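Predicted, not measured: the structure shown is a model, and the values here were computed from it.
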Amino acid sequence: MSEKIIVVEGVFHQNYGPEDGIPPHWCCKYYWNGFAEYEYFDTRDEAYEFAFNHGYVPV
């Protein structure tokens, strides 16, 4: 059985320059099965919905 996802850093935005070829996106860092993982989202709202649905509580 898989462990529960534990969101640890909430939501943050990344915006590399166009020269990097990575479009701006929102991230959420979490732990799952003992490993740090990141989920990537197009919008801030999607990222926060994921975080809140997985136990994130803002400090």
Side-chain angles (χ1 to χ4, degrees):
M1 177 178 254
S2 294
E3 289 182 32
K4 180 172 115 174
I5 291 174
I6 302 168
V7 174
V8 292
E9 287 187 15
V11 172
F12 55 95
H13 189 254
Q14 290 185 318
N15 187 9
Y16 300 102
E19 64 278 356
D20 292 317
I22 301 170
H25 57 277
W26 293 87
C27 299
C28 186
K29 181 180 178 182
Y30 62 93
Y31 286 101
W32 181 64
N33 287 333
F35 295 95
E37 303 274 349
Y38 290 88
E39 192 73 28
Y40 303 96
F41 303 92
D42 292 329
T43 70
R44 179 182 185 268
D45 289 343
E46 290 173 321
Y48 272 105
E49 181 178 351
F50 176 87
F52 289 134
N53 285 336
H54 291 93
Y56 173 66
V57 178
V59 178

Could you list the donor-acceptor pairs under 3.5 angstrom formed by side chains in residues 38-45, with sequence neighbours left out?
residue	atom	partner	partner atom	Å
T43	OG1	E46	N	3.1
T43	OG1	E46	OE1	3.2

Quick one, F50 and Y56 - any side-chain contact, counting heavy atoms below 4.5 Å? no
What distance separates Y31 OH from I6 CD1, expressed to the nearest 0.5 Å? 9.5 Å
Name all residues meeting the side-chain hydrogen bond (donor to acceptor under 3.5 Å, both in side chains) criterion together with H25; count only those two or more places apart in sequence or in a different chain, and write none if there are none. Q14
By side-chain contact (heavy atoms from CB on, under 4.5 Å) - contacts of N15 (at least two apart): H13, P24
Kindly state each residue pair satisfying salt bridge (charged side-chain N to carboxylate O under 4.0 Å, His left out) with at least one member in residues 15-38, sequence neighbours excluded. E9-K29
Do I5 and F52 land in one hydrophobic cluster if side-chain heavy atoms of ILVMFWY residues count as linked below 4.5 Å? yes
